[in-house]
A.B. asks: 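The structure under discussion is supplied below as structure tokens; questions concerning it will follow.
If you read the sequence from its start, that first residue is 1, and numbering goes on from there. Both counts, for ligands and for their atoms, begin at 1 and track the order of listing.
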Amino acid sequence: MGGMGFFGRKRTSVGLDIGSGFVKIVEIDHSGDQPEVVRIAVRPLLPDAIVEGEVMDPGLVADTIRGLFEELGVTGGRVVTAVGGHDVIIKKIEMDRMKESDAREVIRWEAEQHVPFDIKSVELDFQILDPEGEGLQMQVLLVAAKRELVDNKVSLLGDAGVSPTIIDVDAFALHNAFSHNYPEGMQGIVALVNIGHEVTNVNILEDGIPILTRDIPFGSRRVREDLQRERGLTSEQAEDVIQGEESIPDLAQFVEHSADEVAVGVERAAAFLMTQQAGVGLGRIYLSGGGSRIAGMAEALARRMNVETQVMNPFERVPVRPDAAVGVPIDDTAPMLALPLGLALRRL
Ligand SMILES: Nc1ncnc2c1ncn2[C@@H]1O[C@H](COP(=O)(O)OP(=O)(O)OP(=O)(O)O)[C@@H](O)[C@H]1O
Ligand SMILES: [Mg+2]
């Protein structure tokens with residue numbers, strides 16, 4: 001079969017992550033034996049266009065997204081993006097065992113008991129975690145997102161001239177990126193900690209299943225502002241320190257303080273878990289997001305939590321075509337690309 005026509009067409013997915021610091025795109029070609037990254041692009045957002053996950057300036061964000069797609073010449077392909085934050089609930093629940101099609105009929109009623117939002121205003125999805133199980137009860141992972149959040153995302157993308165095929169959930173995208181790259185992390189309890197520009201997402205997995213997600217209002221922006229205020233650095237100098245291009249005396253002490261905030265958030269999330277299952281501890285922490293690049297962050301967190309901590313490489317087991325990154329130093333940005341990579345890995 002030739003390169004033309006339907007069967008020769010490339011099957012790609014474009015993962016679009018709209019962060020408060022950077023808009024990020026990863027495009028994956030699914031036509032080969034294994035997924036391959038064919039394009040990577042990031043573009044900074046102007047400060048305060050998005051604040052703590054909330055889009056304050058939709059026009060500007062839409063322009064940034066449109067610019068990125070145009071620059072890359074991304075026209076076709078499925079675009080997968082996600083929603084996250086406080087208006088998304090992910091919860092493991094138990095319900096009477098039944099077929100998936102039957103569960104779909106009653107899930108709204110079940111969800112009503114678990115979701116603290118007006119059930120009429122949410123989009124629901126679920127997954128049966130033990131479809132082969134035989135007990136009277138089955139374990140179900142329930143996801144509820146406020147409909148407004150999804151609608152706003154679709155309309156933002158519409159303004160940017162993009163029509164998304166799938167709206168995923170941030171935590172699942174991160175999980176997806178992780179499970180592809182670290183199959184060994186699918187056992188025991190691990191925490192994925194994505195330190196972004198303004199928000200740190202904590203995602204606790206038990207045997208590969210996301211059982212708890214939480215957002216901490218902490219990110220590299222705060223570190224930058226602290227460096228500016230307490231060390232009299234300019235914003236550019238502080239950013240250079242964060243990105244490891246410059247160092248200052250006592251940086252370690254500084255980072256220790258930041259790691260402490262992250263640790264408190266992880267501990268709170270994990271404490272909830274420990275009370276349920278005595279004796280089962282957090283086995284490992286995998287860091288991602290731009291904030292994971294702060295020199296000494298992984299080490300400080302490991303010390304503070306007394307848990308082995310490593311920075312996650314989203315391309316550990318996903319090959320990247322040599323010309324994929326357009327003006328992006330891939331080693332430096334890799335930890336920021338876990339989420340968009342996880343989105344682009346979605347097939348269908
Ligand atoms: N090489 C790099 N290029 C750009 N930013 C970097 C780099 N290394 C570290 N950073 C830091 O990472 C931050 C962006 O991280 P990331 O892309 O994970 O955040 P975000 O997704 O935009 O934000 P959030 O998820 O909090 O809304 C930047 O603000 C910067 O301080
Ligand atoms: Mg982010």
Side-chain angles (χ1 to χ4, degrees), residues 15-26 40-57 60-61 64-65 68 81-86 88 149 153 156 168-175 177 192-203 213-228 233-247 251 254-255 258 261-262 265 286-298 311-314 325-343:
L16 167 65
D17 173 22
I18 307 166
S20 59
F22 286 82
V23 178
K24 298 166 279 283
I25 284 181
V26 172
I40 293 171
V42 304
R43 200 178 254 212
L45 270 177
L46 285 181
D48 298 324
I50 298 181
V51 177
E52 282 179 30
E54 197 173 334
V55 180
M56 308 306 259
D57 190 340
L60 187 79
V61 179
T64 307
I65 298 168
L68 200 49
T81 192
V83 292
H86 302 298
V88 178
L149 201 63
K153 194 67 120 189
L156 175 70
D168 201 343
V169 172
D170 284 343
F172 289 168
L174 195 59
H175 172 255
L192 310 185
V193 178
N194 184 57
I195 308 176
H197 178 66
E198 289 194 338
V199 179
T200 294
N201 323 107
V202 180
N203 202 350
T213 66
R214 187 155 303 184
D215 285 345
I216 311 169
F218 172 84
S220 62
R221 176 186 184 158
R222 263 265 289 296
V223 180
R224 191 188 66 204
E225 286 168 355
D226 287 352
L227 281 167
Q228 286 179 248
L233 301 187
T234 65
S235 159
E236 290 74 23
Q237 288 170 323
E239 194 55 47
D240 283 349
V241 171
I242 289 172
Q243 300 193 16
E245 271 149 38
E246 225 174 283
S247 192
L251 178 63
F254 220 93
V255 173
S258 302
E261 281 206 46
V262 176
Y286 293 86
L287 278 187
S288 59
S292 71
R293 294 198 61 239
I294 299 171
M297 179 59 96
V311 176
M312 169 176 162
N313 173 15
V326 184
V328 186
I330 197 166
D331 289 343
D332 291 349
T333 36
M336 296 165 66
L337 298 169
L339 212 150
L341 176 101
L343 292 169

A.B. asks: Would you mind listing every salt bridge (charged side-chain N to carboxylate O under 4.0 Å, His left out) that reaches into residues 233-242, with sequence neighbours excluded?
C.D. replies: Arg224-Glu239
A.B. asks: Are there more than 12 heavy atoms of other residues, nucleotides or ligands under 6.0 Å from atom CD of Glu245?
C.D. replies: yes
A.B. asks: Apply side-chain hydrogen bond (donor to acceptor under 3.5 Å, both in side chains) to Asp331 and list each qualifying residue two or more places apart in sequence or on a separate chain.
C.D. replies: none
A.B. asks: List for me each residue that meets side-chain hydrogen bond (donor to acceptor under 3.5 Å, both in side chains) alongside Glu261, sequence neighbours excluded, and say none if there are none.
C.D. replies: Arg222
A.B. asks: Check ligand 1 for N or O atoms under 3.5 Å from a protein N or O and list each pair with its distance.
C.D. replies:
unit_1   : atom_1 : unit_2 : atom_2 : d
ligand 1 : 1 (N)  : Arg293 : NH1    : 3.2
ligand 1 : 5 (N)  : Gln243 : NE2    : 3.4
ligand 1 : 8 (N)  : Arg293 : NH1    : 2.7
ligand 1 : 15 (O) : Gly290 : N      : 3.3
ligand 1 : 17 (O) : Lys24  : NZ     : 2.7
ligand 1 : 18 (O) : Gly290 : N      : 2.9
ligand 1 : 19 (O) : His197 : N      : 3.0
ligand 1 : 21 (O) : Lys24  : NZ     : 2.9
ligand 1 : 22 (O) : Ser20  : N      : 3.4
ligand 1 : 22 (O) : Gly21  : N      : 2.8
ligand 1 : 22 (O) : Phe22  : N      : 2.9
ligand 1 : 22 (O) : Lys24  : NZ     : 3.3
ligand 1 : 23 (O) : Ser20  : N      : 3.4
ligand 1 : 23 (O) : Ser20  : OG     : 3.3
ligand 1 : 23 (O) : His197 : N      : 3.0
ligand 1 : 26 (O) : His197 : N      : 3.0
ligand 1 : 26 (O) : Glu198 : N      : 2.8
ligand 1 : 26 (O) : Val199 : N      : 2.9
ligand 1 : 27 (O) : Ser20  : N      : 2.7
ligand 1 : 27 (O) : Ser20  : OG     : 2.8
ligand 1 : 29 (O) : His197 : ND1    : 2.8
ligand 1 : 29 (O) : Ser220 : OG     : 3.3
ligand 1 : 31 (O) : Ser220 : OG     : 3.0
ligand 1 : 31 (O) : Glu239 : OE1    : 3.4
ligand 1 : 31 (O) : Glu239 : OE2    : 2.6

A.B. asks: Could you measure the distance from the NE2 atom of His197 to the CG atom of Leu45? Nearest 0.5 Å is fine.
C.D. replies: 9.0 Å
A.B. asks: Can you tell me how far CG of Asp48 sits from CG of Asp57, rounded to the nearest 0.5 angstrom?
C.D. replies: 10.0 Å
